[in-house]
Amino acid sequence: MLLNEIDPMQSIFYLGAVLLKYLYQHHECMFMALYCEARSEVDMTIDQYILCLDWLYLINLVKLDEKGVVHLCS
């Protein structure tokens, strides 16, 4: 799942980059709105989306507040 040899566009690294691209433009977005925005660009399951957000959180690039807004960390 992290590195998928069959389809690199399904790797967590690529999907995380799609999320970051949108967040760099808007700096914050509601949790499900970000998922819908990402789905319009790539085929992504909700499980992959959550895994991507977990990975981006662990490397300190995004944070989620109590209102469900995903913020880009500076």
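Keep in mind that what you see is a predicted model, and the values were worked out from it rather than measured. Along the sequence shown, residues are numbered consecutively beginning with 1.
- Residues Gln10 and Asp43 form a side-chain contact, since some pair of their non-hydrogen atoms from C-beta on lies under 4.5 Å apart.
- When the side chains of ILVMFWY residues are joined at heavy-atom separations under 4.5 Å, either directly or via intervening members, Leu15 and Ile46 end up in a single hydrophobic cluster.
- Separation of atoms OH (Tyr22) and CD (Glu28) is listed at 10.5 Å; rounding is to 0.5 Å.
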- Item | side-chain contact (heavy atoms from CB on, under 4.5 Å) assessment of Leu23 paired with Leu56 | CA-CA 12 Å; Leu23 285 171; Leu56 293 173; 5.6 Å; no

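- Met44 is connected to Met9 through a chain of hydrophobic side-chain contacts under 4.5 Å among Ile, Leu, Val, Met, Phe, Trp and Tyr, so both are in one cluster.
- Using cut-offs of 30° and 60° for the angle between ring planes, the Trp55 and Phe13 rings count as perpendicular.
- Using a distance-only test at 3.5 Å, with no hydrogens or angles considered, no donor-acceptor pair links the side chain of Glu37 to the main chain of Leu19.
- Hydrophobic clustering keeps Leu58 apart from Tyr49 (ILVMFWY residues linked when any side-chain heavy atoms are closer than 4.5 Å, directly or through intermediates).
- Under a hydrophobic clustering in which Ile, Leu, Val, Met, Phe, Trp and Tyr are joined whenever their side-chain heavy atoms come within less than 4.5 Å, directly or via other members, Met30 and Met32 fall into different clusters.
- Of the inter-residue distances, the one linking Cys52 atom SG with Tyr35 atom OH reads 11.0 Å to the nearest 0.5 angstrom.
- Interatomic distance, CD of Gln25 versus CG of Leu72, reported as 11.0 Å (0.5 Å rounding).
- Contact check for Leu53 versus Phe31: side-chain heavy atoms found under the 4.5 Å cut-off.
- Under the 3.5 Å distance criterion, the side-chain polar atoms of Glu41 are left unmatched by any main-chain donor or acceptor of Ala38.
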Let me check something: any side-chain donor-acceptor pairs from residues 61-69 under 3.5 Å, sequence neighbours excluded? List them with distances.
unit_1 : atom_1 : unit_2 : atom_2 : d
Asp65  : OD1    : Lys67  : N      : 3.0
Asp65  : OD1    : Gly68  : N      : 3.1
Asp65  : OD1    : Val69  : N      : 2.9
Asp65  : OD2    : His71  : NE2    : 3.0

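- Within the 4.5 Å cutoff, the side chain of Val18 has no heavy atoms near those of the Lys21 side chain.
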